[in-house]
A.B. asks: 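There's a structure below that I have some questions on.
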Amino acid sequence: MTEAPPATVKLVYFAWVREKMGRAEETVSVPATVATIADLVQWLRSRGPEYESAFERPEIVRAAIDQAHVKPHATVAGAREIAFFPPVTGG
Amino acid sequence: MTEAPPATVKLVYFAWVREKMGRAEETVSVPATVATIADLVQWLRSRGPEYESAFERPEIVRAAIDQAHVKPHATVAGAREIAFFPPVTGG
Amino acid sequence: MAVRVQMEDFDIGAELKRISDGRTDIGAIVTFTGTVRGGEGETAITQMTLEHYPGMTEAELERIETEAQRRWPLQASLVIHRHGTLRPGDNIVLVVTASRHRQAAFEAAEFLMDFLKTQAPFWKKETRADGSGGWVDARECDDTALTRWQGAAATSPRVKAAE
Amino acid sequence: MAVRVQMEDFDIGAELKRISDGRTDIGAIVTFTGTVRGGEGETAITQMTLEHYPGMTEAELERIETEAQRRWPLQASLVIHRHGTLRPGDNIVLVVTASRHRQAAFEAAEFLMDFLKTQAPFWKKETRADGSGGWVDARECDDTALTRWQGAAATSPRVKAAE
């Protein structure tokens, strides 16, 4: 990993992820060691009990980067907005 | 075949069968030798040029006995109304 | 659960309202509307006349509807078919199916249309702009469409999984 | 060709009129309407709240609609999805597909619903008569339904045969 400065990214939460988080959005400075969505989830879980609760079962939380669905291995570099939410239940 | 008396049956025609026949319905006395729809078609074809024209390709004319679809080998005994028509094209 | 054979047009919004008003047990409603296509130029259709077999038409439509109800858990169903003289853009047929889940509603509507197309005694006669026209030929693919329902159980495995 | 995300109800009859009025190139119109089911007794649903992801919702619905248009020859399509607080019997979603032939209209409508159910960022929260409730769990069969569209060509063989 290079010693790049932390990246600022907007995080948005929906449904029970939002409820467990206690907020709908926030802007965080992500350390340069965070390369993927999975890394980001792992890093977020260390930030406090609400994060721990929201990502208790990280395998069922879905993510989107800049409003497009992504998988856990997706790279977060350059992302402006990252969303976390449960599997969708519309229709 | 037994020497049963001729049976009286109402025949109804639709679409181009009706047009070729020049009439929508008629009542005929069917000889007792006519056992099936196929027999009836063969007997009708001998009755005149309009029948010959309507049943020129008997394999594409469909039949119904008392308002239910039947196959050529269906028996006509007891039928009150026998219909002849082209393959259906509704919907 | 109804079939209607009529000359008059139908109002899809009003029919849906009649089916679902005051009901909270329906989760999915599918409608199919068949309309007269016009085409262009000399072969454009100017008029479409639908002949049918009064009595047998209603009996066949009811038989098909009953079979759909046997195969899928339907909260409601409706088939309306027009006859008489129609013009391009006019409605011909309406099928409505209502169920708790979407797959049953979709499958039942397709089933109703596939059987209606091949079993209900209607015949279309076209008149074209150049004066030609005539009775519409049955389409082989309509018979082919039927084969997919052969041997299907009372409830398809996919619907069962969705219950 | 349109998608709309709105709190207000929709009028299926009016939407169909808007899509087909004055057109003679459509032969088949399929609609799917999803509604809130109520249930009975203590676990009856009294209220259903739909949350969504503004911006991404519209983008996903447009992406799904574009894919449907790529796969089937559609004369028109429409997706309306409501958000906010709804009650049993209320409309949730409307999908309309119009094509020359019925198979394309049916398949495209099913495709749109299958993808909407699994891709469009909506989440349902139920409130029940006994005060219980909560976020609705995703259904595994909705993911299963997607698999049938995998590897499908731009136009399915069945639709091609019908053209």
Side-chain angles (χ1 to χ4, degrees), chain C residues 11-17 19-40 44-45 75 87-98 100-103 105-107 109-110 113-114 116-117 139-142 144-145 148 158-163, chain D residues 11-17 19-40 44-45 75 87-98 100-103 105-107 109-110 113-114 116-117 139-142 144-145 148 158-163:
Chain C
D11 179 333
I12 301 166
E15 297 298 342
L16 285 176
K17 204 171 150 60
I19 283 172
S20 61
D21 253 21
R23 293 189 69 162
T24 60
D25 59 335
I26 294 172
I29 305 174
V30 169
T31 74
F32 175 86
T33 312
T35 56
V36 181
R37 273 187 287 127
E40 282 175 19
I45 289 167
Q75 252 70 25
R87 292 180 188 286
D90 282 356
N91 291 323
I92 303 171
V93 61
L94 174 66
V95 160
V96 184
T97 54
R100 290 168 58 81
H101 296 293
R102 74 185 187 284
Q103 207 52 53
F106 270 124
E107 289 186 9
E110 292 194 63
M113 280 307 302
D114 282 353
L116 185 156
K117 279 261 179 191
R139 301 191 325 162
E140 202 183 314
C141 61
D142 284 333
T144 310
R148 63 175 156 153
R158 218 160 68 206
V159 172
K160 226 166 202 164
E163 287 299 332
Chain D
D11 179 334
I12 302 166
E15 298 297 342
L16 285 176
K17 204 171 149 60
I19 283 171
S20 61
D21 253 19
R23 294 188 69 162
T24 60
D25 59 335
I26 294 172
I29 305 175
V30 170
T31 75
F32 175 86
T33 311
T35 56
V36 180
R37 274 186 289 126
E40 283 175 16
I45 289 168
Q75 251 74 24
R87 293 180 187 286
D90 282 356
N91 291 322
I92 303 172
V93 61
L94 174 66
V95 160
V96 184
T97 53
R100 289 168 58 81
H101 296 294
R102 75 184 186 284
Q103 208 51 54
F106 270 124
E107 288 186 8
E110 291 195 62
M113 280 308 302
D114 282 353
L116 185 156
K117 280 260 178 191
R139 302 190 325 161
E140 202 183 314
C141 62
D142 284 333
T144 310
R148 64 174 155 154
R158 217 159 67 205
V159 173
K160 226 166 202 164
E163 287 299 332

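Just so it is clear, the structure is predicted and the values come from calculations on it, not from any experiment. Numbers restart at 1 for each chain; the letters A, B, ... are given by sequence-line order, proteins then strands.
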A.B. asks: Pick one of side chain, backbone, both or neither for D/Leu16, based on which atoms fall under 4.5 Å of a heavy atom in chain C.
C.D. replies: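 Interface part for D/Leu16: side chain.
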
A.B. asks: Pick one of side chain, backbone, both or neither for D/Val36, based on which atoms fall under 4.5 Å of a heavy atom in chain C.
C.D. replies: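 It is the backbone, since no side chain atom gets that close.
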
A.B. asks: Examine whether an atom of D/Thr31 lies under 4.5 Å from a heavy atom of chain C, and if so say whether it belongs to the side chain, the backbone or both; otherwise answer neither.
C.D. replies: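 Looking at D/Thr31, backbone and side chain both touch chain C.
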
A.B. asks: Using a cut-off of under 4.5 Å on heavy-atom pairs, state which of C/Gly39, C/Ser20, C/Ala28 scores highest against chain D.
C.D. replies: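 Among the listed options, the one with the most contacts to chain D is C/Ala28.
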
A.B. asks: Checking D/Lys17 against chain C: side chain, backbone, both or neither under 4.5 Å from a heavy atom?
C.D. replies: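 Neither part.
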
A.B. asks: Out of D/Thr24, D/Ile45, D/Asp11, return the one with the most heavy atom pairs under 4.5 angstrom to chain C.
C.D. replies: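 Most heavy-atom pairs under 4.5 Å with chain C: D/Thr24.
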
A.B. asks: Counting C-beta onward and ignoring hydrogens, is there a side-chain heavy-atom pair between C/Arg37 and D/His101 closer than 4.5 Å?
C.D. replies: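 Yes, close enough: below the 4.5 Å cut-off.
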
A.B. asks: Please flag which part of D/Asp114 lies under 4.5 Å from any non-hydrogen atom of chain C: side chain, backbone, both or neither.
C.D. replies: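 Looking at D/Asp114, backbone and side chain both touch chain C.
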
A.B. asks: Search all heavy atoms of C/Thr35 against all heavy atoms of D/Ile26 and return the closest pair with its distance.
C.D. replies: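 Answer, listing the atom of C/Thr35 first, then D/Ile26: OG1-O, 2.6 Å.
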
A.B. asks: If you count heavy-atom pairs under 4.5 Å with chain D, which of C/Gly89, C/Gly27, C/Pro88 comes out on top?
C.D. replies: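 So the answer, after comparing C/Gly89, C/Gly27, C/Pro88, is C/Gly27.
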
A.B. asks: Identify which part of D/Arg102 has an atom lying under 4.5 Å from any heavy atom of chain C, answering side chain, backbone, both or neither.
C.D. replies: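 Looking at D/Arg102, backbone and side chain both touch chain C.
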
A.B. asks: What residue, out of C/Val96, C/Asp142, C/Ile92, has the most heavy-atom pairs lying under 4.5 Å from chain D?
C.D. replies: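 Winner by heavy-atom pair count: C/Asp142.
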
A.B. asks: Go through the atoms of D/Ala109 and report whether side chain, backbone, both or neither lie under 4.5 Å from a heavy atom of chain C.
C.D. replies: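 The answer is both parts of D/Ala109.
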
